[in-house]
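Take a look at the structure below.
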Amino acid sequence: MWGVIPAAGNGTRIQPLAFSKELLPVGGRAGPTERPKAVSEYLVERMTAGGATKICFVISPGKSDIMEYYGTGDVTSAEIAYVVQPRATGLCDAIFRAAPVIPKDEPVIVGLPDTIWFPEEALRELPDDMLSFLLFPVEQPQFFDAVVTDAAGRVEEIQVKTPEARSNWIWGAFKMPGHVFHELHAFWRARPEPDEYVGTLVNAWLAQGGQAVGVKAGASYVDVGTLDGYRSAMQMLRPVPQEETLVA
């Protein structure tokens, strides 16, 4: 199984940094020598927990520090590949840059490298045989892509940063068979104006007879791409004091 991580964005919401936003230290990694943990490591861990054995980072030409960071082999046991997005022209373009390395007979997971969410193994709840979205409840869905589903979990609409969203469940990652990935890629390329956002593309896909499901297996979700999100992530990762554990 492949994991695709679009990491070519400029990170303007949290810049200036002296490094790629995907390497922003958030929390720490335990081991013989404790060290800071890059925010994108959380997604890599969750992808591997969900069954991914190969990870494709889609990077911009100036993000060689991501290659250096993950190229040591000390961060993950998954095989790492890199694809370049020449210009930052939207999330869909970044995701589909991975098409040359994705076989049609393997599932593929897509996630965002500047997010942290729980539970860590939630991707295991997504089916392998169709387009499926891992959903998380949030208090302010208007800042995300809210996913409207029917009683059976079928996706009816994805509302992209809609002020009065009809759902407080947002997608945090998604999964599909490799052949669906390539069908979506071809569909996107055939659009009069290729979509920038996954939500608008999927809405058009559904209107043409495509199918997708939303799985409400997520518990907590933080976008670390803003300063407020960074603070929330640090709070979420804060170790629970022993006395709090005893009281609970």
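Counting begins at 1 with the first residue of the sequence. Computed over heavy atoms, backbone and side chain alike; hydrogens, waters and symmetry mates excluded.
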Derivation and outcome, salt bridge (charged side-chain N to carboxylate O under 4.0 Å, His left out), residues E121 and R46: CA-CA 6 Å; E121 298 179 349; R46 283 148 178 74; over 6 Å; no
Smallest separation among heavy atoms of A146 and A165, with atom names: CB-CB, 3.8 Å
T115 and D223 side chains, donor-acceptor separation under 3.5 Å: no
V155 and V147: CA distance, side-chain angles, deciding distance, side-chain contact (heavy atoms from CB on, under 4.5 Å) verdict: CA-CA 7 Å; V155 175; V147 181; 4.0 Å; yes
Check against ring-ring contact (aromatic ring centres under 6.0 Å, His included), F136 and W117: CA-CA 9 Å; F136 297 83; W117 43 262; 5.4 Å; yes
Contact summary for A52 and G3, nearest pair of heavy atoms: CB-N, 4.1 Å
Distance-only donor-acceptor check, side chains Q85 and D93, under 3.5 Å: yes
Residues Y69 and E41: side-chain donor-acceptor under 3.5 angstrom: yes
K161 NZ: over 12 foreign heavy atoms closer than 6.0 Å: yes
L123 side chain near L134 side chain, heavy-atom distance below 4.5 Å: yes
Min side-chain heavy-atom separation R191-D195 under 4.5 Å: yes
Student check: side-chain heavy atoms of Q142 and Q159 closer than 4.5 Å: no
Side-chain touch E156/T149, heavy atoms, less than 4.5 angstrom: no
Contact summary for Q211 and W205, nearest pair of heavy atoms: N-NE1, 3.7 Å
Test salt bridge (charged side-chain N to carboxylate O under 4.0 Å, His left out) applied to E157 and R166, step by step: CA-CA 10 Å; E157 181 187 7; R166 292 193 292 122; 3.1 Å; yes
F96 ring center near W188 ring center (under 6.0 Å): yes
K37/E45 salt bridge by N-O under 4.0 Å criterion: yes
Heavy-atom pair of closest approach, residues V198 and W171: CB-CZ2, 4.1 Å
Non-hydrogen side-chain atoms of P107 and P177 separated by less than 4.5 Å: no
